[in-house]
**Q** 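Got a structure for you, written out below as structure tokens; questions coming shortly.
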Amino acid sequence: MAVERTFSIIKPDATRRNITGKIIDRLEGAGLRVVAQKRKWLTRGEAEGFYAVHRERTFFNDLVAFMTSGPVVVQVLEGEDAIAKNREVMGATNPENADAGTIRKDFAESIEANSVHGSDGPDTAKTEIAYFFAETEIVG
Ligand code: CMP
């Protein structure tokens with residue numbers, strides 16, 4: 001295992017319900033450290049660009065509308081095996097399939113309003129971190 005960085009979003013369903021602290025507590029409890037963080041209201045262009053890989057999917061327009069429906073918290077997490085660890089703590093994309101004790105099982109409202117996003121691999125992590133943060137904004 002190595003120390004890695006991964007990218008995380010706390011989504012509008014979670015900011016709306018004022019549970020960002022509860023979610024960060026789960027991440028920190030798993031040994032992940034928040035080394036960069038900001039609260040932002042994504043523009044349509046930012047959301048479309050971030051999720052460009054999904055642009056042909058049937059849910060793309062709804063996803064962009066949801067992600068711009070309220071503020072999000074974008075953050076960089078650091079720790080041993082951070083990419084896999086974050087995905088483990090988040091649980092499956094669809095909360096109905098998420099394991100007990102995961103963020104999505106406990107907090108998500110639906111597959112769309114699923115409270116958190118996390119990078120799915122090292123290349124994605126690098127691209128997604130750079131999409132929102134300058135290297136100087138990341139303080140380990
Ligand atoms: P996320 O990890 O942010 O990546 C893409 C998002 O699309 C995903 O989480 C879900 O919230 C959302 N989404 C909405 N509908 C679907 C679907 N049918 N399959 C996969 N992802 C979906």
Side-chain angles (χ1 to χ4, degrees):
M1 285 203 303
V3 174
E4 290 176 333
R5 285 177 177 170
T6 191
F7 177 73
S8 162
I9 305 180
I10 303 177
K11 296 188 180 185
D13 64 285
T15 58
R16 177 169 46 77
R17 286 177 287 152
N18 204 26
I19 55 169
T20 61
K22 286 186 173 149
I23 290 174
I24 294 162
D25 187 51
R26 298 287 184 98
L27 300 171
E28 291 181 339
L32 296 164
R33 303 181 73 85
V34 178
V35 294
Q37 191 177 57
K38 54 193 168 196
R39 190 175 175 101
K40 249 180 103 60
W41 199 312
L42 299 183
T43 64
R44 186 174 179 84
E46 282 173 328
E48 285 175 347
F50 181 77
Y51 281 119
V53 65
H54 296 303
R55 68 180 166 272
E56 305 302 332
R57 308 289 290 271
T58 51
F59 59 80
F60 182 70
N61 286 338
D62 287 344
L63 173 62
V64 169
F66 169 66
M67 290 301 289
T68 56
S69 68
V72 299
V73 177
V74 292
Q75 50 194 2
V76 180
L77 307 176
E78 187 177 86
E80 288 284 331
D81 218 9
I83 297 167
K85 195 173 281 179
N86 183 39
R87 293 180 69 75
E88 198 181 305
V89 181
M90 288 194 301
T93 304
N94 186 343
E96 286 177 17
N97 302 329
D99 288 340
T102 60
I103 292 170
R104 283 165 169 163
K105 186 66 169 187
D106 292 344
F107 300 122
E109 296 179 319
S110 66
I111 192 170
E112 177 175 271
N114 66 353
S115 303
V116 279
H117 164 85
S119 306
D120 62 8
D123 293 343
T124 329
K126 213 173 182 142
T127 311
E128 292 181 348
I129 289 169
Y131 194 82
F132 286 107
F133 292 98
E135 194 57 40
T136 52
E137 293 178 296
I138 304 170
V139 184

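Since the model is a prediction, treat every value here as computed from it, not as a measurement. Indexing begins at 1, ligand by ligand and atom by atom, following the structure's order. Quick note: numbers below take in every heavy atom, side chains included, and nothing from hydrogens, waters or symmetry partners.
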**Q** Of all the atoms in ligand 1, which lie at a distance below 4.0 Å from a heavy atom belonging to His117?
**A** 1 (P), 2 (O), 3 (O), 4 (O)
**Q** Considering non-hydrogen atoms of the protein only, which is the closest contact for atom 8 (C) of ligand 1, and what is the distance?
**A** Thr93 CG2, 3.9 Å
**Q** Relative to each other, are the rings of Tyr51 and His117 parallel, tilted or perpendicular (30° and 60° limits)?
**A** perpendicular
**Q** When you look at Arg5 and Glu135, which way does the salt bridge (charged side-chain N to carboxylate O under 4.0 Å, His left out) test go after all the steps?
**A** CA-CA 12 Å; Arg5 285 177 177 170; Glu135 194 57 40; 3.2 Å; yes
**Q** Does Phe59 reach the side chain of His54, with side-chain heavy atoms less than 4.5 Å apart?
**A** yes
**Q** Relative to atom 12 (C) of ligand 1, which among Thr58, Ile9, Leu63, Asn114 owns the nearest non-hydrogen atom?
**A** Leu63
**Q** Looking at ligand 1, would Met67 count as a contact under a 4.0 Å heavy-atom criterion?
**A** no
**Q** Provide the closest heavy-atom pair for Lys11 versus Val72 in the form atom of the first, atom of the second, distance.
**A** CA-CG1, 4.2 Å
**Q** If you count the atoms of ligand 1 from 1 in the order shown, which ones are under 4.0 Å from a heavy atom of Tyr51?
**A** 1 (P), 3 (O), 4 (O), 5 (C)
**Q** Short list, please: which atoms of ligand 1 are under 4.0 Å from a heavy atom of Glu112?
**A** 11 (O)
**Q** Please work out which of Ile111, Asp120, Val53 has its closest non-hydrogen atom nearest to atom 10 (C) of ligand 1.
**A** Ile111
**Q** Among protein heavy atoms, which lies nearest atom 18 (N) of ligand 1, and at what distance?
**A** Phe59 CD2, 3.6 Å
**Q** Is any side-chain heavy atom of Val35 closer than 4.5 Å to one of Val139?
**A** no
**Q** Counting non-hydrogen protein atoms only, what is the nearest one to atom 9 (O) of ligand 1? Give residue, atom name and distance.
**A** Lys11 NZ, 3.2 Å
**Q** What do you reckon, does Arg104 put a non-hydrogen atom under 4.0 Å from ligand 1?
**A** yes
**Q** Run the side chain to side chain contact (heavy atoms under 4.5 Å, CB included) test against Val53 and tell me which residues pass, sequence neighbours left out.
**A** none
**Q** Test salt bridge (charged side-chain N to carboxylate O under 4.0 Å, His left out) on Asp106 and Lys22 and set out the steps.
**A** CA-CA 11 Å; Asp106 292 344; Lys22 286 186 173 149; over 6 Å; no
